[in-house]
Protein chains: 2
Amino acid sequence: MVPESLRRGCVPEATVGRLPLYLRALTGLHDQGVTSIASEELASRSGVRSTQLRKDLSHLGSYGVRGVGYDVELLAAQIAQELGLTQQWPVVIVGMGNLGRALAAYGGFSGRGFRIVALVDDDPEVVGTVVEGLTVTTLADLATKGPTVTIGVITTPAPAAQAVADELVAIGVRSLLNFAPGHLVLPDGVDVRGVDLATELQILAFHEQRRLLAISTHDPLSPAADTEAIG
Amino acid sequence: MVPESLRRGCVPEATVGRLPLYLRALTGLHDQGVTSIASEELASRSGVRSTQLRKDLSHLGSYGVRGVGYDVELLAAQIAQELGLTQQWPVVIVGMGNLGRALAAYGGFSGRGFRIVALVDDDPEVVGTVVEGLTVTTLADLATKGPTVTIGVITTPAPAAQAVADELVAIGVRSLLNFAPGHLVLPDGVDVRGVDLATELQILAFHEQRRLLAISTHDPLSPAADTEAIG
DNA sequence: ATGACTTTGTGAACGCTTGCACAAAGTCGC
DNA sequence: GCGACTTTGTGCAAGCGTTCACAAAGTCAT
Ligand SMILES: NC(=O)c1ccc[n+]([C@@H]2O[C@H](COP(=O)([O-])OP(=O)(O)OC[C@H]3O[C@@H](n4cnc5c(N)ncnc54)[C@H](O)[C@@H]3O)[C@@H](O)[C@H]2O)c1
Ligand SMILES: NC(=O)c1ccc[n+]([C@@H]2O[C@H](COP(=O)([O-])OP(=O)(O)OC[C@H]3O[C@@H](n4cnc5c(N)ncnc54)[C@H](O)[C@@H]3O)[C@@H](O)[C@H]2O)c1
């Protein structure tokens with residue numbers, strides 16, 4: 001029951017970030033009836049190099065068969081166990097606005113190791129309403145009479161995010177997924193991941209601008225090109 | 001007008017990923033009336049170390065004053081220019097479901113260098129309806145009589161994502177933000193960033209499980225503990 | 001003006017991540 | 001059975017990113 005990686009040493013953070021990609025690809029293959037797959041093929045479906053895939057998997061143990069490849073079902077089960085998806089983690093979404101409702105309506109949670117067990121808002125107009133089969137409560141009610149949750153998803157406006165995070169931590173939540181822009185300051189031992197749309201778009205914009213500048217300046221490597229043409 | 005970094009050499013990818021964080025912190029400081037800030041303070045508000053902040057900024061040029069810090073407005077302008085946010089990039093959202101509507105309703109675009117200029121769906125019930133002041137069109141109409149777009153946001157179900165991406169690339173879009181789970185295969189020169197909720201949650205679950213296992217095993221650091229108990 | 005102090009900018013060291021090369025270990029045809 | 005072939009798993013080297021240590025360059029009080 002203890003993941004193999006605890007015996008073999010720790011899994012690098014970069015690898016952890018890719019395991020979900022592999023699991024997703026494997027799940028798709030399984031649904032298509034594929035029972036076995038080579039690292040080359042699985043890697044291309046995951047968007048990584050095959051050497052990287054094999055090194056990543058080597059951190060969990062040897063579940064491949066040389067000359068053949070990996071058993072889809074077995075490997076998926078091993079990765080799922082490594083990620084802790086053999087159980088259903090209880091999730092709360094705080095902030096039932098546009099984004100919170102979209103997430104609550106999203107069906108991709110339950111099949112992947114998570115279950116939304118509570119929805120929270122602080123607007124009296126919203127509290128008490130039923131969204132996707134769950135009655136929206138307040139954070140105070142969640143603390144006193146709500147179900148236990150281990151993962152908190154924050155979809156409130158940015159100014160409320162820090163206070164919400166503090167309250168979630170106070171009731172024992174150690175894992176947070178924050179959609180509100182801005183950096184949360186939290187005690188050690190609490191894991192926060194931020195998803196920021198504006199950040200993603202700005203990174204795209206950077207590369208887009210680079211492409212355009214590369215075209216407009218004839219010789220991007222020449223020091224004279226940009227000062228001449230634009231300045 | 002050409003970013004300083006083109007003269008000083010290229011900006012590391014990891015730095016590009018953090019520039020939006022700095023810009024966000026600077027914008028907040030500016031709104032609070034702060035005119036000058038030291039790297040230590042700005043770093044803590046961005047969630048990074050001050051040495052990292054300074055090294056990141058050093059790739060764009062020297063805009064700080066030793067002994068004082070950075071001029072908030074000037075630095076924000078420099079980062080905005082570096083990210084290509086001096087113009088408003090036209091964005092199309094494809095897939096007007098729950099998530100697409102939430103994104104369309106989100107006001108955080110316009111102030112940050114982006115403007116939604118088109119909304120697309122393929123459901124006849126949805127096409128022609130007005131969402132947030134824009135009439136929903138089809139991809140075909142976007143190609144023929146729609147406005148020029150440079151960034152495409154994909155919020156369709158996963159099975160449609162690849163086809164949508166191909167069509168967007170065909171009409172000249174080179175930057176994609178994909179919310180559908182799965183890996184998109186696209187020609188070189190096209191920039192794709194994927195945002196996957198399940199992936200983020202699974203990474204959180206991994207660490208959550210690690211915490212729980214660390215508690216259940218009495219002495220995680222002892223070499224004897226795991227070999228003894230398991231092997 | 002000067003000296004003490006503050007803060008930036010950066011070369012160098014360190015650690016993590018990726019990619020390469022290849023041995024180990026299996027399958028498959030005959 | 002055996003040889004040819006396929007594919008995995010991994011030591012090693014190269015590259016990238018982060019952190020450290022410190023000189024350079026400014027401010028400020030006097
Ligand atoms: N909507 C998007 O597409 C989008 C995209 C990127 C980021 N975001 C971010 O996600 C967050 C939510 O976006 P949205 O569009 O859903 O906003 P919204 O205004 O529609 O919804 C916010 C909800 O949070 C609730 N709320 C406010 N303070 C609260 C508190 N202290 N406790 C509990 N609930 C509280 C409000 O009552 C409201 O229902 C914002 O921070 C936004 O910046 C949204
Ligand atoms: N809703 C969420 O919170 C959430 C979270 C994470 C990921 N996602 C992903 O985002 C995507 C959208 O989620 P959703 O909940 O909004 O789904 P949805 O079913 O509510 O909306 C999908 C929309 O896309 C449209 N569509 C389908 N095929 C299309 C095509 N070929 N061209 C144009 N439009 C097309 C549909 O008509 C529909 O309006 C899904 O891939 C989902 O997995 C959603």
Side-chain angles (χ1 to χ4, degrees), chain A residues 4-5 7-22 25-26 29 34-76 78-79 82 203 206-207, chain B residues 4-5 7-22 25-26 29 34-76 78-79 82 203 206-207:
Chain A
E4 180 71 16
S5 65
R7 263 162 281 171
R8 298 175 59 91
C10 68
V11 180
E13 197 55 35
T15 296
V16 174
R18 283 185 296 264
L19 289 180
L21 308 185
Y22 306 149
L26 287 167
L29 287 165
V34 179
T35 60
S36 176
I37 188 148
S39 66
E40 198 69 48
E41 173 78 11
L42 180 57
S44 97
R45 289 183 185 237
S46 307
V48 302
R49 307 260 170 220
S50 65
T51 54
Q52 183 158 69
L53 169 66
R54 291 201 300 275
K55 179 154 299 249
D56 282 341
L57 295 183
S58 76
H59 289 111
L60 330 184
S62 292
Y63 299 112
V65 179
R66 298 182 188 214
V68 176
Y70 299 88
D71 181 273
V72 170
E73 211 161 335
L74 173 64
L75 185 56
Q78 290 300 334
I79 294 178
E82 188 66 36
I203 294 170
F206 172 85
H207 294 294
Chain B
E4 180 69 18
S5 66
R7 261 161 280 172
R8 297 176 60 90
C10 71
V11 180
E13 196 54 36
T15 295
V16 175
R18 284 185 295 265
L19 289 180
L21 308 185
Y22 306 149
L26 286 167
L29 287 164
V34 179
T35 59
S36 176
I37 188 148
S39 65
E40 197 70 48
E41 174 79 9
L42 180 57
S44 98
R45 289 183 185 236
S46 308
V48 302
R49 307 261 170 216
S50 66
T51 54
Q52 184 157 69
L53 168 67
R54 291 202 300 276
K55 168 122 355 212
D56 283 340
L57 295 183
S58 76
H59 289 111
L60 332 184
S62 291
Y63 299 112
V65 180
R66 300 183 186 212
V68 176
Y70 299 89
D71 181 272
V72 170
E73 213 160 334
L74 173 65
L75 185 56
Q78 291 300 332
I79 294 177
E82 187 66 37
I203 295 170
F206 172 84
H207 295 294

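Every chain is numbered from 1 and lettered A, B, ... according to where its sequence line falls, protein lines coming before strand lines. In what follows, every heavy atom counts, from backbone to side chain, and hydrogens, waters and symmetry copies are set aside.
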Expressed as a whole number of angstroms, how long is the span from A/L53:CG to D/dT8:P? 8 Å

Atom pair distance, as rounded to whole Å: CD1 in B/I37 and C1' in C/dT8: 14 Å

Between CZ on residue A/R45 and CG on residue A/L29, distance to nearest 0.5 Å: 4.5 Å

Within this structure, what is the CD-to-P distance between A/E41 and D/dT8, rounded to whole angstrom? 11 Å

Quick check on DNA chain C: between A/P12 and A/T51, whose nearest nucleotide comes earlier from the 5' end? A/P12

Would the number of heavy atoms belonging to other residues, nucleotides or ligands and lying under 6.0 Å from CD of B/E13 be above 12? yes

To the nearest Å, give me how far apart CD (A/Q52) and P (D/dT8) are. 15 Å

Between A/Y70 and D/dG9, is there a side-chain N or O to OP1/OP2 distance below 4.0 Å? yes

I need the CD-P distance between B/E40 and C/dT8, as an integer number of Å. 8 Å

For the base of D/dT7, is there a side-chain donor-acceptor partner from A/R66 under 3.5 Å away? no

More than 12 heavy atoms from other groups under 6.0 Å of CD on A/E40: no

For B/K55 and D/dT19, give me the distance from atom NZ to atom C1', rounded to whole Å. 9 Å

Any N/O donor-acceptor pair, A/R49 side-chain to C/dG19 base, under 3.5 Å: no

Nearest nucleotide by nearest heavy atom, which residue falls closer to the 5' end of DNA chain C, A/V68 or A/R54? A/R54

Whole-Å distance, B/H59 NE2 to C/dG11 P, equals 10 Å

side-chain contact (heavy atoms from CB on, under 4.5 Å) test vs A/L26 passes for just one of A/V34, A/L75, A/L74, namely A/L75

Quick one: are A/S46 and A/L53 in side-chain contact, heavy atoms under 4.5 Å? no

So, is A/S39 close to the D/dT8 phosphate, meaning a side-chain N or O under 4.0 Å from OP1 or OP2? yes

Can you tell me the distance, in whole Å, between the OH atom of A/Y63 and the C1' atom of D/dG9? 14 Å

